[in-house]
S.K.: 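My questions will all concern the structure given below.
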Amino acid sequence: MAHVGDLPCDGDGMCMLCKEKPPEEERLLCRTCVTPWHVACLTVKPETLASAADWECPDCSAPPPTADAGIPAAAAVGVTAASAGSSGELIAAIRAIEADATLSEAEKARRRQRLLGGDGGAEGEVRTRGCEGESDCASFRCSICIEILDRPVTTPCGHNFCLKCFEKWIKQGGHSCAKCRAPIPSKMKSQPRINLAIVAAVRMARAKSTPSGADPSKVYHFVHNQNRPDKAYTTERAKRAGKANAASGKIFVTIAPDHFGPILAENDPIRNQGVLVGESWEDRLECRQWGAHLPHVAGIAGQSGYGAQSVALSGGYEDDEDHGEWFLYTGSGGRDLSGNKRTNKEQSFDQKFEKLNEALRISCKKGYPVRVVRSHKEKRSSYAPEGGVRYDGIYRIEKCWRKAGTQGFKVCRYLFVRCDNEPAPWTSETHGDRPRPLPVIKELKGATDVSERKETPAWDFDENENVWKWTKPSPLSRKPALVHNVDDNTMTVLRRSYKKSARQRIPREFSCLICQKLMTQPLTTSCAHNFCKACLEGVFVGQSFVRERTRGGRTLRTQKNIMNCPTCQFDITEFLKNPQINRDLMSCIEQLQQQLKDAEEEEGSIEDKSNDAADEKLKDETDNVEADDADAADEKMKNETDNVEAGDADASDEKLKDGTDNVEAGDAEEDGNTVEAEDTVKQGDDTINNPSNGPPKTRKYKRKVPVEQKGTRRSKRIKITREGEEQGDNSPSSPLHVLSDNDDFE
DNA sequence: GGGCCCGCAGGG
DNA sequence: CCCTGCGGGCCC
């Protein structure tokens with residue numbers, strides 16, 4: 001080679017040729033291996049700025065890419081590198097990146113690439129190949145370019161690279177894995193194949209990291225009470241005007257009633273801005289109409305077995321303790337509501353983790369975002385609004401427990417900590433929350449039934465993007481919704497099933513080509529087919545790599561026993577001698593299994609809600625999970641270090657599989673249709689986009705039955721005599737629209 | 001300000 | 001269908 005005599009700088013920055021330490025301007029970093037070289041000592045120096053920007057050291061490039069017109073960045077470099085002025089400046093800039101101790105290696109690589117003209121400095125390329133969810137995608141980076149894997153190929157040693165990077169590596173004379181130096185078979189060198197399982201994994205990680213956790217082109221709309229008046233109104237049944245007994249007006253936002261997290265612009269067809277932190281409303285009914293907190297009376301919105309979406313701080317429970325960015329919330333119940341009461345200051349029995357309290361506990365366990373509204377009725381808090389009800393943003397429940405309340409009976413307690421991208425209404429900061437250490441809670445001493453989150457939270461802070469966001473897909477609504485089909489501008493009513501979707505999220509590519517189940521300890525052959533380790537080894541069990549031959553008492557030369565890939569008959573004999581688990585793929589599958597398990601847990605009936613049973617259940621679940629994980633990890637280690645012996649691997653594999661079996665990837669038959677279109681209507685007749693449209697057409701909310709027959713059970717329990725109010729009219733002062741038979745609502 | 005009342009909404 | 005529920009208005 002032309003550059004045989006070239007040598008880089010050593011670890012101290014000393015040029016290994018001239019034995020001098022070159023000044024910064026004279027050092028050039030290889031774009032591939034980032035090794036510094038002394039420019040003056042290079043036999044072939046980069047001639048232009050662009051080539052300096054894209055320079056590869058003699059070790060990494062066959063012919064120096066000086067005149068390589070094929071570099072895609074030719075134009076882009078003009079923007080970034082040229083703006084750097086001279087190669088000296090460029091190199092200085094690169095060095096600055098290298099020297100920045102605050103950057104991770106991955107971030108350094110990304111910045112280097114950006115500077116070196118990979119994408120002209122625009123976020124575009126980095127974002128398209130980069131991944132929003134760093135944590136999700138971290139394991140899917142190419143070891144050569146440090147970018148998210150593009151057209152991934154897998155070496156027999158179980159390492160994944162971009163096809164382009166791999167080819168380049170081979171072209172430069174690489175004979176061994178760029179990561180672990182294990183030899184690469186010639187067949188793979190000449191014809192690397194894309195590993196579709198990795199493709200699926202990367203796609204999934206990307207989809208997961210989009211804010212909605214779903215296909216962003218599809219926004220799910222839930223239309224609720226759309227035919228109602230804009231304002232709360234008094235039904236015929238109600239005897240009195242005024243909001244005390246009024247029915248809610250229409251819901252202006254299109255979130256599902258069990259929607260978690262902030263209400264975004266996409267679900268705010270009226271204003272197209274979503275519900276912003278600090279917005280406030282006259283009262284709970286108005287607050288409800290904007291979706292921040294739906295229940296009219298209850299403080300907790302949620303479903304046991306699913307989670308809680310929002311809470312209201314209104315001073316209803318004296319044990320509450322508000323510190324703004326964090327607060328202690330008290331569960332519901334424990335009160336005697338007989339006598340037709342809706343609330344009662346007096347506790348008269350213990351609260352339990354059931355119903356809404358259990359819903360909160362699930363949000364805690366999962367790390368779901370919980371919307372918080374504060375009402376002016378919370379008099380003891382400095383953070384309560386002057387009047388009305390205010391949306392204060394997203395909080396997470398970090399812990400929950402039970403303890404004796406001030407009235408002596410046990411209450412459920414929740415530690416809420418703010419985690420919103422917008423600053424709280426009371427803070428002078430201009431930015432949202434950063435993760436903060438948990439406050440020390442004195443009352444935790446002596447608390448019982450303590451639970452805290454064991455798993456990674458579904459809503460979490462992304463250090464790279466500096467935002468709180470979904471790090472797992474947000475829970476799918478259990479309610480039917482409308483989906484806006486962008487293509488034909490129709491709205492389709494969808495019914496989505498949580499369980500189905502969880503299953504359906506498993507790409508077919510993740511199933512073993514032998515057992516058809518979700519792979520355990522996946523192996524990727526040189527022909528890019530994926531199998532469970534145990535399955536593939538099972539195919540060749542009892543076979544040896546060589547055949548002893550004898551003829552007439554003479555021992556002949558042993559013959560190689562050819563073993564072919566079960567799917568394509570490719571010769572994988574060499575691969576089988578030392579098959580390595582594709583660990584990136586495995587961790588992805590493991591994550592997926594956990595999610596699926598969680599989803600199915602939630603789907604599974606949680607009928608038995610006696611407090612103790614629930615406690616036990618939760619405890620058991622978390623314990624088991626931990627135990628399983630530990631086992632799996634142990635087994636993993638063992639199997640990877642062991643030299644492969646088919647029979648011996650079986651036992652441990654069996655164990656692994658047991659924990660996770662019956663998960664059939666791509667099992668679309670049984671319940672594969674995750675979405676059932678029930679009805680499609682043309683959008684445009686104001687169903688969604690115009691909330692203040694013409695007269696409502698349904699009479700659902702019209703009560704025609706005489707009041708006397710409609711007493712609730714609670715009303716029956718006590719005698720309610722209000723004869724004097726028979727003519728209870730609508731006082732002119734009441735802003736409420738009162739429906740009567742004359743009203744044009746039919 | 002405190003007590004009482006009761007229609008609504010939603011969970012189960 | 002029954003039960004629950006950190007509302008809101010009005011009366012005292």
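Atom set for the values below is all heavy atoms of this structure, side chains included, hydrogens, waters and symmetry mates excluded. The chains referred to below are lettered A, B, ... by the order of the sequence lines, with proteins before strands, and numbering in each begins at 1.
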S.K.: Is the distance from OP1 or OP2 of B:dC8 to the nearest side-chain N or O of A:Thr235 less than 4.0 Å?
M.R.: yes
S.K.: Only one of A:Lys399, A:Lys403, A:Arg413 clears side-chain contact (heavy atoms from CB on, under 4.5 Å) with A:Leu444; which?
M.R.: A:Lys399
S.K.: Using a cut-off of 4.0 Å on non-hydrogen atoms, how would the nucleic acid contact of A:His224 be classed: base, sugar-phosphate, or nothing?
M.R.: sugar-phosphate
S.K.: Check the pair A:Trp426 / A:Arg374 against side-chain contact (heavy atoms from CB on, under 4.5 Å), numbers first and verdict last.
M.R.: CA-CA 12 Å; A:Trp426 52 83; A:Arg374 280 182 174 82; 3.3 Å; yes
S.K.: What integer distance in Å separates A:Arg288:CZ from C:dC6:C1'?
M.R.: 16 Å
S.K.: Would you call the rings of A:Trp459 and A:Trp470 parallel, tilted or perpendicular, where under 30° means parallel and over 60° means perpendicular?
M.R.: perpendicular
S.K.: Is A:Arg228 close enough to B:dA9 that one of its side-chain N or O atoms is under 4.0 Å from OP1 or OP2 there?
M.R.: yes
S.K.: Between the side chains of A:Ser248 and A:Arg288, does any donor sit under 3.5 Å from an acceptor?
M.R.: yes
S.K.: Output yes when at least one side-chain N/O atom of A:Lys341 is less than 4.0 Å from OP1 or OP2 of C:dG5, else no.
M.R.: no
S.K.: Any idea which of C:dC6, B:dG12, C:dG5 is nearest the A:Tyr329 side chain?
M.R.: C:dC6
S.K.: Shortest non-hydrogen contact from A:Ala384 to A:Glu378?
M.R.: CB-O, 3.2 Å
S.K.: Using a cut-off of strictly less than 4.0 Å between a heavy atom of the residue and any atom of DNA chain B, enumerate the qualifying residues of residues 296-303 of chain A by number.
M.R.: A:His296, A:Gly302, A:Gln303
S.K.: For A:Glu452 and A:Trp401, does a side-chain donor sit closer than 3.5 Å to a side-chain acceptor?
M.R.: no
S.K.: Ignoring hydrogens and geometry beyond distance, is a side-chain donor-acceptor pair present between A:Thr448 and A:Lys410 at under 3.5 Å?
M.R.: yes
S.K.: I want to verify a distance call: between B:dG12, C:dC6, C:dG9, whose nearest atom is closest to the A:Arg240 side chain?
M.R.: C:dG9
S.K.: Hey, does the side chain of A:Arg284 come within less than 4.0 Å of B:dC8's phosphate (OP1/OP2), counting only N and O?
M.R.: no
S.K.: Kindly express the pairing pattern of DNA chain B in dot-bracket notation, using | wherever a base pairs with another strand and counting only Watson-Crick or G-U pairs under 3.5 Å.
M.R.: ||||||.|||||
S.K.: Write down the distance between CD (A:Gln347) and P (C:dT4), rounded to a whole number of angstrom.
M.R.: 14 Å
S.K.: In this structure, how many angstroms lie between the P atom of B:dG11 and the CD atom of A:Gln309, rounded?
M.R.: 8 Å
S.K.: Just to confirm, is there a sub-4.0 Å distance from OP1 or OP2 of C:dC6 to any side-chain nitrogen or oxygen of A:Thr330?
M.R.: no
S.K.: From C-beta outward on A:Ala247, which listed nucleotide comes closest to its side chain: B:dC8, C:dG8, C:dT4?
M.R.: B:dC8
S.K.: Has the side chain of A:Asp320 got a donor or acceptor that lies under 3.5 Å from a partner of the other kind on the base of C:dC6?
M.R.: yes
S.K.: For A:Glu286, run the salt bridge (Lys or Arg N to Asp or Glu O under 4.0 Å) check against A:Arg390, A:Lys243, A:Lys231 and tell me which one passes.
M.R.: A:Lys243
S.K.: Rounded to whole angstroms, how far apart are CZ on A:Arg335 and C1' on C:dT4?
M.R.: 12 Å
S.K.: Just call it for A:Ser375: base, sugar-phosphate, or nothing, with non-hydrogen atoms closer than 4.0 Å on any strand.
M.R.: nothing
S.K.: Write down the distance between NZ (A:Lys345) and C1' (B:dG2), rounded to a whole number of angstrom.
M.R.: 11 Å
S.K.: What is the distance from CZ of A:Phe416 to P of C:dC6, rounded to the nearest Å?
M.R.: 13 Å
S.K.: Which whole-number value in Å describes the distance from A:Gln289 CD to B:dC8 P?
M.R.: 15 Å
S.K.: Is it true that the side chains of A:Glu321 and A:Trp326 contain a donor and an acceptor less than 3.5 Å apart?
M.R.: no
S.K.: Taking the six-membered ring for Trp, is the centroid-to-centroid distance between A:Tyr414 and A:Phe327 below 6.0 Å?
M.R.: no
S.K.: Under 4.0 Å between a side-chain N/O of A:Ser314 and OP1 or OP2 of C:dG7, yes or no?
M.R.: yes
S.K.: Measure the distance from NE2 on A:His376 to P on B:dG1 and round it to the nearest whole Å.
M.R.: 11 Å
